[in-house]
Amino acid sequence: MKIATWNVNSLRARADRVESWLERTDVDVLAIQETKCKDENFPWELFERMDYEVAHFGFSQWNGVAIASRVGLADVERTFSGQPAFGKGGLDPVQEARAIAATVGTGADAVRLWSLYVPNGRGLQDEHMPYKLQWLHVLKEQAAADLAADPNLRLALTGDWNIAPQDEDVWDIQLFRDQGLTHVSAPERAAFHAFEEAGFQDVVRPRHPGPGVYTYWDYTQLRFPKKEGMRIDFVLASPALADSVTDAWIDRDERKGKGASDHAPVVVDLGP
DNA sequence: ATGGTCGACTCTCGA
């Protein structure tokens, strides 16, 4: 079973790309982030044509997450337990469409999989930053509790984490430091590492160590042709799931050409 | 062979 995660930056704008990518790569399960649509605008027919079941969680032009699977899609859950809502300036907090889960595969091969779009944070002093950190903290607590309840759990936390955990995960760490940019700060990295301390493993990095290995390149300033990217999309696997990984890679080629998302897909092969 | 934002949607914001 091959699983993948991909921030598509609008599913409608990327529909042709997603369809041809699914045909080409033969993945069984795709976790999607930034669908940027509500259900009524979702390209359901794309997945029907391809014989994938799909579950979507999106209610505006912002965020939006989905899971498509051709190996079963059960027990869909929208938002994780205790997921913080974002409230600003005294307005009512809004629960954003940033997390959806499903059980994919069957029998001993079944995987509980989350498609996650972690809040960006926007700025080190922005009110979105404590929201991001709290969001991650609660998710980690939930995932750790799930794992404690069943140490053999096959759990995949996949998506756009909006964190570069190591200095080599950005093209110029000094630039990020000098400009006080997000994604590399100590609190963000601590929030990410807490998942690793809880037993979850990045299953791509061991197979594709850096530097210079990225999953995202900004559209501006020729970042892609200049190889100036960030590694911010991850598949974190529980120990039992990590044990069954046979291969993992970043499909950098998908970032090429006109009409690409600014993120590349990340693919994990769990074997036959 | 990859090229100087892009996407949703309003007159701008989020990434």
Side-chain angles (χ1 to χ4, degrees), chain A residues 5-21 24 31-43 46 56-66 84-89 91 93-99 115-133 135-136 159-164 169-172 175-176 179-185 188 192 212-234 249-266:
Chain A
T5 182
W6 188 8
N7 180 327
V8 297
N9 184 23
S10 170
L11 190 51
R12 284 176 289 168
R14 221 67 62 207
D16 290 349
R17 278 256 189 181
V18 170
E19 185 162 359
S20 61
W21 189 82
R24 189 166 75 249
I32 301 168
Q33 299 86 41
E34 285 212 89
T35 62
K36 288 190 168 178
C37 67
K38 46 186 92 170
D39 277 351
E40 62 194 79
N41 296 324
F42 191 90
L46 184 166
H56 178 230
F57 180 34
F59 46 79
S60 73
Q61 71 269 45
W62 307 123
N63 315 310
V65 284
F86 179 72
K88 177 179 185 176
L91 297 175
V94 174
Q95 188 62 261
E96 298 181 310
R98 294 182 175 275
S115 177
L116 303 163
Y117 181 40
V118 175
N120 177 285
R122 296 195 185 182
L124 295 183
Q125 305 305 320
D126 194 287
E127 52 198 323
H128 285 84
M129 185 54 71
Y131 167 56
K132 176 181 192 174
L133 298 174
W135 199 97
L136 286 163
D160 177 358
W161 291 74
N162 270 316
I163 295 172
D169 295 336
V170 295
W171 77 95
D172 183 353
L175 178 90
F176 278 70
Q179 299 192 2
L181 302 178
T182 59
H183 293 55
V184 299
S185 72
E188 289 168 282
F192 185 88
V213 176
Y214 308 124
T215 65
Y216 163 86
W217 299 259
D218 196 292
Y219 285 126
T220 67
Q221 297 182 261
L222 291 170
R223 291 295 183 218
F224 184 65
K226 288 159 78 173
K227 304 185 190 310
E228 296 175 343
M230 304 168 69
R231 192 203 293 249
I232 57 176
D233 300 86
F234 298 97
W249 62 94
I250 298 160
D251 188 358
R252 184 183 175 280
D253 284 349
E254 179 52 39
R255 179 62 178 81
K256 296 178 179 177
K258 188 173 170 59
S261 170
D262 43 3
H263 294 253
V266 178

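Chain letters run A, B, ... following the sequence lines, proteins first and then strands; every chain starts at 1.
Taking CD of A:Gln33 as the start and OH of A:Tyr117 as the end, the distance is 9.0 Å to the nearest 0.5 Å.
Nearest to the side-chain atoms of A:Ala13 among the listed nucleotides B:dT2, B:dA15, B:dA8 stands B:dA8. Listed nucleotides: B:dA15, B:dC9, B:dG14. Nearest to the side chain of A:Trp62: B:dG14. Nearest nucleotide to the A:Arg98 side chain, out of B:dT5, B:dA15, B:dG7: B:dA15. Comparing B:dT2, B:dG4, B:dA8 by their closest approach to the side chain of A:Leu222 singles out B:dG4.
Aromatic rings from A:Trp217 and A:Trp171 are positioned such that their centres are separated by 6.0 Å or more. Remark: aromatic rings of A:Phe176 and A:His183 are distant, center separation not under 6.0 Å. In this structure, the ring of A:Tyr219 has its center no less than 6.0 angstrom from the ring center of A:Phe224.
Salt-bridge formation is detected for the pair A:Glu254/A:Arg24: a Lys NZ or Arg NE/NH1/NH2 atom is positioned less than 4.0 Å from an Asp or Glu carboxylate oxygen. Ionic pairing of A:Arg223 and A:Asp218 is not present here: no N-O contact between side-chain nitrogen and carboxylate oxygen is shorter than 4.0 angstrom.
Between the OH atom of A:Tyr216 and the P atom of B:dC6 there is a distance of 13 Å, rounded to whole Å. Atom NZ in A:Lys36 sits roughly 7 Å away from atom C1' in B:dC6 (whole-Å rounding). Protein atom CG of A:Leu181 is 18 Å distant from nucleotide atom P of B:dG14, rounded to whole Å. For the pair A:Glu96 CD and B:dG14 P, the interatomic distance rounds to 11 Å; values are reported in whole Å. Atom CG in A:Asp218 sits roughly 12 Å away from atom C1' in B:dG4 (whole-Å rounding). Atom P of nucleotide B:dG14 and atom NE2 of A:His128 are separated by 7 Å, given to the nearest angstrom. When the C1' atom of B:dA8 is taken as reference, atom CG of A:Asn41 falls 10 Å away, rounded to whole Å. Atom pair A:Asp126:CG and B:dC13:P shows a separation of 14 Å (rounding to whole Å applied).
Across B:dC9 and B:dG3, the matching C1' atoms stand 27 Å from one another, rounded to whole Å. Nucleotides B:dT10 and B:dG14 place their P atoms 14 Å apart, quoted to the nearest Å. Comparing the P positions of B:dT2 and B:dC6 gives a spacing of 15 Å, expressed to the nearest Å. Only the C1' atoms considered, B:dA8 is 23 Å distant from B:dG4, to the nearest whole Å.
For the OP1/OP2 pair of B:dT5 and a distance below 4.0 Å, the side-chain nitrogens and oxygens of A:Arg223 include no atom meeting the criterion.
Contact annotation: side chain of A:Lys227 to base of B:dT2, donor-acceptor pair present below 3.5 Å.
Across the interface with DNA chain B, nearest-nucleotide mapping of A:Arg12 and A:Lys256 shows A:Lys256 to be the residue nearer the 5′ end. A residue-by-residue look at A:Phe224 and A:Leu11 shows that A:Phe224 has its nearest nucleotide of DNA chain B further toward the 5' end.
As judged by a 4.0 angstrom heavy-atom cut-off over every strand, A:Arg255 is placed among residues making no nucleic acid contact.
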